2 protein chains.
Amino acid sequence: MRQTILIFSVIAVSLLILLNLRKLSLLSTDGDDEIWTVSFATVFMFIGVLLSRYLFLRRTEGKSVAMPDPEAQLKRLGITQREHEVLRLVAEGYSNQEISNALFISESTVKTHVSNVLVKLDARRRTQAVQKAKELKIL
Amino acid sequence: MRQTILIFSVIAVSLLILLNLRKLSLLSTDGDDEIWTVSFATVFMFIGVLLSRYLFLRRTEGKSVAMPDPEAQLKRLGITQREHEVLRLVAEGYSNQEISNALFISESTVKTHVSNVLVKLDARRRTQAVQKAKELKIL
DNA sequence: GCTGATTCGGTACTAAAGTATGAGGTTAAT
DNA sequence: ATTAACCTCATACTTTAGTACCGAATCAGC
């Protein structure tokens, strides 16, 4: 959150600075106009690149630094034994139906478990849950 | 390569257009100056974001190629560059919709690619495809 | 005995994923 | 110039996945 504020602050400040610089430039010489325009574009393109990268990394990396203890991770996330078991099978590429057959429970139950795991891992798809789980070393 | 040319063309054209627009604006009224400046910044920031995203996708694609012998595997399986790219994003946990946004193509196209990958990897679900792909070291 | 956590399961629904098929456009090789 | 391989996109459809909400059985610990 601090970083977000910082980024927007940088953008705002850059805007103000360039705004004023260009005004001064216009007061002195009109010949530098295009140079300013190009610099302007470059700077903001650069900011755009940084912004995009920040957003993307934030989305893909998430929390990479954590304790490498799987047990503690599971406990911290509140993921139960059964949910972990289901998650493992999800990661293997099995469908809910197949998982229900493998564990001798109904598909409804599997769905419940998967859904709970998604919430606990803050994922919206099973593929994402698998990805996050592997990052957290719990798979 | 086509995309690279296209991107730089877009940048160049945008520059020229905005350059001329601002000139006209300056000739008529000085009050709109700041509005133009802001629009200008916005547009180039947007271009920066697009550029960054493009670069990011290219970079990670190259990284995956550096592993053991994925090229031969991909060729053997008949998986194309684009399909591989989509598969990579699938493995990251993105939805078809998100992938379509990331690659600037429609969701239909993503579905087509995914479907083709499933056939080529002999998988019936995307999670299974990811699993098999990792076993084959192509992810 | 009561409580909380876990597990199991159901219904009813919405959202994604996947299939099948056709078609147009680009590019590289023949 | 024609072919072949890719990439793109669309429509229409079926199948899975996922959500929301609920009830009930089990079991450990107080």
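Predicted model, so just to flag it, every value in this text is computed and none were measured. Reckoned from all heavy atoms, side chains included, excluding hydrogens, waters and symmetry mates. Residue numbering restarts at 1 for every chain, and letters A, B, ... go by the order of the sequence lines.
Summarising the geometry, the separation between CD1 on Ile79(B) and C1' on dC6(D) is reported as 14 Å, rounded to the nearest angstrom. For the pair Gln81(A) CD and dC27(D) C1', the interatomic distance rounds to 15 Å; values are reported in whole Å. For the pair Gln128(B) CD and dG18(C) C1', the computed distance is 13 Å after rounding to whole Å. One interatomic measurement links the two molecules: NZ of Lys120(A) to P of dA5(C), which rounds to 11 Å at whole-angstrom precision. Atoms CD1 (Ile105(A)) and C1' (dG9(C)) sit 10 Å apart, rounded to a whole Å. The nearest whole Å value for the distance from the CG atom in Asn101(A) to the P atom in dG9(C) is 12 Å. For the pair His84(A) NE2 and dT6(C) C1', the interatomic distance rounds to 16 Å; values are reported in whole Å. Between the CD atom of Glu83(B) and the C1' atom of dA5(D) there is a distance of 11 Å, rounded to whole Å.
Look at Thr109(A) and you won't find any side-chain N or O under 4.0 angstrom from OP1 or OP2 of dT7(C). Between Ser108(B) and dC9(D) there is no side-chain N or O to OP1 or OP2 distance below 4.0 Å.
At most 12 non-hydrogen atoms from other residues, nucleotides or ligands lie less than 6.0 angstrom from CD of Gln81(A). Counting non-hydrogen atoms of neighbouring residues, nucleotides and ligands closer than 6.0 angstrom, the NZ atom of Lys75(A) reaches no more than 12 such neighbours.
Screening residues 111-120 of chain B for salt bridge (Lys or Arg N to Asp or Glu O under 4.0 Å) gives Glu83(B)-Lys120(B) as the qualifying pairs, with residues at least two apart or on separate chains. For residues 94-105 of chain B, every residue pair satisfying the salt bridge (Lys or Arg N to Asp or Glu O under 4.0 Å) rule, not counting sequence neighbours, is listed here: Arg125(A)-Glu98(B).
For the helix from dG1(C)-dC30(D) to dT30(C)-dA1(D), the rotation axes defined at the first and last 5 base pairs enclose an angle of 50°, given to the nearest 10°.
Residues forming a side-chain contact (heavy atoms from CB on, under 4.5 Å) with Ile105(B) (at least two apart in sequence, or on another chain): Arg82(B), Leu103(B), Thr109(B), Val110(B), His113(B). In this view, Glu107(B) satisfies the salt bridge (Lys or Arg N to Asp or Glu O under 4.0 Å) rule with no residue, not counting sequence neighbours.
With hydrogens and angles disregarded, no donor-acceptor distance shorter than 3.5 Å links the side chain of Ser115(B) to the backbone of Thr112(B). Gln131(B) places no side-chain N or O within 3.5 Å of a backbone atom of Thr127(B) that could act as its donor or acceptor partner. Under a 3.5 Å cut-off, the side chain of Lys132(B) and the backbone N or O of Ala123(B) do not form any donor-acceptor pair.
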* **Letter per nucleotide, 5' to 3', of nucleotides 15-25 of chain D [B base touched, S only sugar-phosphate touched, - untouched; heavy atoms, 4.0 Å]** => --BBS------
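Note on Thr80(A): only backbone sugar-phosphate atoms sit closer than 4.0 angstrom, heavy atoms only; bases stay farther off. Residue Ser106(A) is in sugar-phosphate contact alone, with no base atom involved, counting any heavy-atom pair closer than 4.0 Å across all strands shown. Counting non-hydrogen atoms under 4.0 angstrom, His113(A) reaches the backbone sugars and phosphates but no base.
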